[in-house]
Amino acid sequence: MNFDENIDRKNTRSLKWDGMKSGFGREDLLPMWVADMDFRPPKEVIDALRERVDHGIFGYTIVTDSLNRAICDWTSTRHGWNIKQEWLLYSPGVIPSVHTAIQAFTDPGDKILVQSPVYTPFFQMIERNSREVANSPLVLKNGRYEVDFDDFEKKLGSGVKIFLLSSPHNPAGRVWEKEELTKMAELCRKYNVLIASDEIHADLVPAPHKHVPIASLDESFADITLTFMAPTKTFNLAGVQASFMVVPNKKLRTKMAAVQASDGFSMLNTFGAIAMEAAYRHGGTWLDEALKYIRSNIDYVKAEIGSHLPDLEVIDPEGTYLIWIDCRKLGLSDAELKKRILEKGKLALNFGHAYGPGGEGFVRMNVACPKETVIEGVKRLRTALGE
């Protein structure tokens, strides 16, 4: 795979490239915002999709044992988690899975816990389903986010029904350690709180860090956990809309499946199923190379910002391909920061206030793109925020 290749994504119905007018009010921007890659997926995935297209008939699709086995093999090989096929449910995406969990296990007005700054749709799903956000903000210490466990326990004890965990964390890039995950799970068990764990970035963790599925740590944790995973971030397949849930507790799994059935929204599309299996069967080498390339991009951004924008602090991501940048020392309001980056820098980033309390004054940069794009993006950031 030539990760340096610049692939023209304009006029392909790409949200990242063709959606800037609706997202930012202008089109003359370099897009480093939406969390998808500017890389082609593994050749084996494209070949499998092409073969299916050449067949020419696209009727109703079933989930096969072969796909189930591919997922089980992947989670075992990559994450040391031996799951059973019967634990699997399928969904078009992680956010639809979050919606299903909210509908299945909470009622309007119930509290759902998040840890801000965190992925914007967490707040949206809670509020749009008429539930209440309970927030236990993460604490930034020496360039690394930590859980305030005193506050976390206090919030759990306030009547929370579900804890939405982002693991690895988006946008902060934290890869939670076993001890942290264990303590969070133990507290959830103590207060009878269900864990809904968004692990869509699980595969995007380079050494020396290692993703640990929270449900893999103990059977009692697995019994209260819904784990949401997908190949879509890993292999740049978001547009085919394919994800899965791992739910070991049969009672919880039956309830989730019943809510999916009531929504009429539980099937994978033909191309999603094919892409998922091909990626998990054949994408390991591609992923290893992509992780090295992305890490090189991260290191470049860190070095350039350190040399030329000393008032900015890069929160070094342990996982994901997203860089969380602290701009607060500039003394700009969120509106001023946005204006300078968009109008002066002509750069499309995600702005931190959208990630909830603690996100103010930050920006999120996506570096899953050719190095040439990263170089240009840093140049534009310097134009926007430098002297």
Side-chain angles (χ1 to χ4, degrees), residues 79 94 98 101 111-123 125-126 131-202 204-205 208-218 220-229 313-320 322-326 328 352-362 364:
H79 306 299
V94 165
V98 170
K111 293 181 180 179
I112 298 175
L113 181 65
V114 300
Q115 297 168 306
S116 73
V118 74
Y119 186 45
T120 306
F122 278 17
F123 296 102
M125 282 296 98
I126 295 169
R131 274 61 170 178
E132 180 182 337
V133 174
N135 183 28
S136 180
L138 299 174
V139 179
L140 183 57
K141 292 183 179 179
N142 300 318
R144 192 169 188 255
Y145 281 92
E146 299 179 1
V147 178
D148 179 344
F149 279 104
D150 289 338
D151 183 70
F152 184 77
E153 181 170 9
K154 179 182 178 181
K155 298 293 170 55
L156 287 177
S158 70
V160 163
K161 296 296 180 66
I162 293 177
F163 165 44
L164 282 183
L165 171 65
S166 181
S167 178
H169 190 275
N170 174 14
R174 268 303 314 273
V175 174
W176 303 112
E177 297 173 359
K178 287 183 178 180
E179 293 76 14
E180 293 171 305
L181 293 167
T182 297
K183 192 166 184 178
M184 284 189 274
E186 287 176 340
L187 288 169
C188 286
R189 184 178 58 191
K190 175 181 177 181
Y191 290 96
N192 196 30
V193 172
L194 192 67
I195 302 169
S197 186
D198 172 3
E199 303 189 16
I200 197 170
H201 293 278
L204 296 164
V205 178
H209 302 287
K210 183 175 176 57
H211 173 74
V212 179
I214 192 169
S216 71
L217 291 170
D218 189 274
S220 67
F221 300 163
D223 201 48
I224 60 169
T225 300
L226 318 167
T227 302
F228 306 144
M229 290 180 158
E313 180 183 3
V314 173
I315 308 304
D316 194 358
E318 299 167 349
T320 82
L322 307 167
I323 303 181
W324 189 235
I325 304 172
D326 187 349
R328 291 175 296 176
H353 61 85
Y355 298 87
E360 303 86 353
F362 287 76
R364 192 189 77 170

Side-chain donor/acceptor of Thr120 to backbone N/O of Ala354, under 3.5 Å | yes
Reported CG-to-CG distance for the pair Asp151 and Asn135, which is rounded to 0.5 angstrom = 8.0 Å
Hits for salt bridge (Lys or Arg N to Asp or Glu O under 4.0 Å) against Lys183, two or more places apart or cross-chain, chain-then-number order -> none
CH2 on Trp176 to CG on Leu165, rounded to 0.5 Å = 7.5 Å
Using a 4.5 Å cut-off on heavy atoms from C-beta on, say whether the side chain of Arg189 contacts that of Ser220.
-> yes
What's the shortest heavy-atom distance between Pro171 and Pro117, and which atoms?
-> CD-O, 3.5 Å
Mutual orientation of the aromatic rings belonging to His169 and Tyr145 [parallel < 30°, tilted 30-60°, perpendicular > 60°] | parallel
What's the shortest heavy-atom distance between Val193 and Ile224, and which atoms?
-> O-CD1, 3.9 Å
From Phe163 atom CZ to Cys188 atom SG, the distance as rounded to the nearest 0.5 Å | 6.0 Å
Val118 side chain reached by Asn170 side chain, heavy atoms, under 4.5 Å = no
Heavy-atom pair with the smallest gap, counting every atom of Ala196 and Phe228 | CB-CE1, 4.0 Å
Rounded distance [0.5 Å steps], CD1 in Ile195 versus CD1 in Ile162 | 11.0 Å
What are the two closest heavy atoms between Val175 and Lys210, and how far apart are they?
-> CG1-O, 3.4 Å
Measure the shortest side-chain to side-chain distance between His79 and Glu199 over non-hydrogen atoms and say whether it is less than 4.5 angstrom.
-> no
CA sep, side-chain torsions, deciding dist, call: Leu113, Lys111, side chain to side chain contact (heavy atoms under 4.5 Å, CB included) | CA-CA 7 Å; Leu113 181 65; Lys111 293 181 180 179; over 6 Å; no
Check whether any side-chain N or O of Ser158 sits under 3.5 Å from a backbone N or O of Lys155 as a donor-acceptor pair, and report yes or no.
-> yes
Within-4.5 Å side-chain heavy-atom neighbours: Phe122 and Val133 | no
CD of Gln115 to OG of Ser167, rounded to nearest 0.5 Å, is 9.5 Å
Minimal heavy-atom distance between Phe123 and Ser116, with the atoms involved, is CZ-CB, 4.1 Å
Side chain to side chain contact (heavy atoms under 4.5 Å, CB included) between Val147 and Leu138, worked out = CA-CA 5 Å; Val147 178; Leu138 299 174; 4.1 Å; yes
Hey, what do you get for CD (Glu132) to NZ (Lys161), rounding to the nearest 0.5 Å?
-> 11.5 Å
Side chain proximity check, Phe362 to Arg328, heavy atoms < 4.5 angstrom | yes
Would Glu318 and Arg144 count as a side chain to side chain contact (heavy atoms under 4.5 Å, CB included) if you check the C-alpha gap in whole Å, the side-chain angles of each, and the deciding distance to 0.1 Å?
-> CA-CA 10 Å; Glu318 299 167 349; Arg144 192 169 188 255; 2.7 Å; yes
Heavy-atom side-chain contact between Val98 and Asp198 under 4.5 Å | no
Just wondering, do Glu180 and Arg174 contact through their side chains at under 4.5 Å, heavy atoms?
-> yes
What closest approach, in Å, do Ile214 and Ala185 show between heavy atoms, and which atom pair accounts for it?
-> CD1-CB, 4.0 Å
Please tell me if the side chains of Leu140 and Asp326 come closer than 4.5 Å, counting only heavy atoms from C-beta onward.
-> yes
Chi angles and distances behind the salt bridge (charged side-chain N to carboxylate O under 4.0 Å, His left out) call for Asp150, Lys154 | CA-CA 6 Å; Asp150 289 338; Lys154 179 182 178 181; over 6 Å; no
Do Glu360 side-chain atoms and Gly358 backbone N/O form a donor-acceptor pair below 3.5 Å?
-> yes
